[in-house]
There are 2 protein chains.
Amino acid sequence: MRARTAPKPDSRLRRGSGRVTMDEVARLAGVSTSTVSRVLREPGAVSDSLAGRVRSAVDRLGYVPNLMAGGLAAARGRTVGVVVPSILNSFFAGTIDTLSGLLSSAGWQVLDGSTDYSEAREEALVEAFLAWSPAAMVLTGLRHSERTVRLLRAARIPVVEMWDVSEGAIDIAIGFSHRAAGRSMTQYLIEKGRRRIVFVGAIMTSDQRAAQRAEGYREAVTAAGLPATVIDLPSRSSVALGGPALADLLVRQVEMDALYCSNDVLALGALFECQRRGIAVPQHLSIAGFGDLDFAASCVPPLTTIRPPREAIGRETAAMLLARFAGQTHLRRAVDLGFDLQIRRSA
Amino acid sequence: MRARTAPKPDSRLRRGSGRVTMDEVARLAGVSTSTVSRVLREPGAVSDSLAGRVRSAVDRLGYVPNLMAGGLAAARGRTVGVVVPSILNSFFAGTIDTLSGLLSSAGWQVLDGSTDYSEAREEALVEAFLAWSPAAMVLTGLRHSERTVRLLRAARIPVVEMWDVSEGAIDIAIGFSHRAAGRSMTQYLIEKGRRRIVFVGAIMTSDQRAAQRAEGYREAVTAAGLPATVIDLPSRSSVALGGPALADLLVRQVEMDALYCSNDVLALGALFECQRRGIAVPQHLSIAGFGDLDFAASCVPPLTTIRPPREAIGRETAAMLLARFAGQTHLRRAVDLGFDLQIRRSA
DNA sequence: GCCCCATATGATAGCGCTATCAAGAAGGTC
DNA sequence: GACCTTCTTGATAGCGCTATCATATGGGGC
């Protein structure tokens, strides 16, 4: 048998990305790689003259640091995973935009993915993101599969659950109370003299937050001694879904003087249906939504809705994470950012 | 001076992420790390019995591969960077959703980011993504800063430019002709007897594709001997912007019998303005859009628009990239997926 | 002038994985 | 049975960077 341990020159073909490496920068600047790394990571620690030389070498070579190598060496990447139910609808887009903007200008890379309101997809996404050794994870809502929670706890990183502040956060919750939002809008409708208020939502088994708004609605009508009617549509919210939903209620001759939709998209669909049928809004039927999307202020009539603190959630989440990354540890565990009732003409 | 070269035991504190590593899996399964790696990467190459042992060890330990380490070793990560102008509007969301879905189920991670229609932000994003050694990059449109193009060429990876198929792609272009789309819709309006067609767009210096649709519009009206009027609004498209834009045209008493909006969002705003003013659509004014967004089919009246191959672009891009990753090299350089004229009641 | 301490820079060992090569096992051919 | 090929599995050297430690340098204080 040949001596396995015999040291011999390695003749293997080596790989390599062909990219400019920190080593080349160091050589050109006439310093060590440690110094280059320091210039890039903690600029204060290096003298101005060396830092200048390093920076010009970086420019001259067009050096782009390899984040994989950096993340591997540092045992933690400069990424933050963000999981939302859907980027298709614009509810979360404002939050993500704000959050990504703030984090990326602080030097962090946001990975985002959407679950399409499925716990299984959420679990898969969380797992995929954890493979990047993220510095933090941001999820939407407080309900997750058992395994998702286990993975997140095991990762020992800051976890923000946004868009909700009810009980049971893994780590930090930043959002507002959907139950309060539902109650608040319903109370407003009752004050306006509405007595037969119907709540319409979509896939509320999956969309927990819509379900909580429905709960708030239920509390409010019940407290006022009025009947509660909750319709849960079987497919995802869309403008196209709102019309048929209203049409169905009319066909079934459900007594109603207000339609409270679980979001503006459904509400817009219902509004269009009213136009088609010549139902006067709000005289014959009040319509209210949730979300205060782009069109809510300019549709006909303008939509009474609830404005969630979309951007504030992103801003607060970014601030919280950056503080944690900076070592601050005693931070609030739950931040309720409230919401605004936007009273317009539809209700 | 002390002997620098003297080999002495390293007593440094080491770090480590604390995560389960491939080594632990290998030890538990009683195989080498090579085998574990193979089971995960090319399952066919390992015998069933070993593969089974490895897989159960993976499950038992809850092993999640560290993609940083993997990407570093392989000199190329399993990521694909995707850059779109905006995730806020739903134009690109359908494409991204499709693309991410297909790539992620094939084991690739999509990084996406939005430029907000700014070339400078695009450049920054491309640079940030390249730091991840992506296996490919996907951009929107064909116009980019010189440096962006240089960085992309230097990366020597597949680059897809989507949503456009005019000249000058860096590598692969997948989309459709916006000029043809603009021409097509305008010709339809002319066929319908419209003679004073006004085109309204927003930030068309930045939104090249809208500008190309305007160009197509110009060609068509000019060919028909009709006057061309192009309005370029100074802020980003929104429903709220469409109303005032129409109002302004009316105040200025611009002669017009059709309003061709650069997208459905503006068109919806205009439609609402017509409702407010009691302008009959399409009798007094035809309104056409672009995008075939959610609401286009259900608004009142339903919107005549152009349906871009949103999902097909995502599907084709994913297919093209996966083929490239699999080693196929002689692939088409440009794929024109066409578009559909959706004729509804608004025009 | 000597010592001590703070500061700036360099040397180096991995981070956890995959690509490469080596070697053993199994099967086929003459 | 010797030889060759094919198929599995193992050993190992980095991928490019950062954390850690070591060393050089430069002032002050006495």
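Values below: all heavy atoms of this structure, side chains included; hydrogens, waters and symmetry mates excluded.
The closest donor-acceptor contact from the side chain of B/T95 to the backbone of B/R310 lies under 3.5 Å.
With DNA chain C read from its 5' end, the first of the two nearest nucleotides for B/A69 and B/E42 is the one closest to B/A69. DNA chain D is contacted by both B/S49 and A/L67; B/S49 maps to the nucleotide lying nearer its 5′ end (nearest heavy atom per residue).
With rounding to the nearest 0.5 Å, the separation of CD in A/E127 from OG1 in A/T148 is 9.0 Å.
If you check C/dC17, D/dA19, D/dG10 against the side chain of A/S34, the one that comes closest is D/dA19. Counting only heavy atoms from C-beta on, B/L50 has its side chain closest to D/dT9 among C/dC17, D/dT9, C/dG10. Among D/dT20, D/dT18, C/dG16, the nucleotide with an atom closest to any side-chain atom of A/R38 is D/dT20. Side-chain proximity of A/A73 to the nucleotides D/dC17, C/dC17, C/dA11 is greatest for D/dC17. You'll find that the side chain of A/R41 is closest to D/dT18, out of D/dG14, D/dT18, D/dG10. For A/M22, the side-chain atoms get nearest to D/dC17 when compared with the rest of D/dG10, D/dC17, C/dC17. For A/V46, counting side-chain heavy atoms from C-beta on, the closest listed nucleotide (C/dG16, C/dT9, D/dG10) is C/dT9.
Under 4.0 angstrom from either OP1 or OP2 of C/dT18 there lies at least one side-chain N or O belonging to B/S37. Side-chain N/O atoms of B/T35 include one lying less than 4.0 angstrom from OP1 or OP2 on D/dG10. The shortest distance between the side-chain N/O atoms of B/T33 and the OP1/OP2 oxygens of C/dG16 is not below 4.0 Å.
Distance CG (A/D48) to C1' (C/dT9): 15 Å, rounded to an integer number of Å. C/dC17 atom P lies 9 Å from atom CD of B/E24, rounded to whole Å.
Under the 4.5 Å side-chain criterion, counting only non-hydrogen atoms from C-beta, A/M320 is not in contact with A/F325.
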For B/Y63 and B/L40, run side chain to side chain contact (heavy atoms under 4.5 Å, CB included): C-alpha distance rounded to whole Å, both residues' side-chain angles, the deciding distance at 0.1 Å, then the answer. CA-CA 11 Å; B/Y63 170 67; B/L40 268 38; 3.7 Å; yes

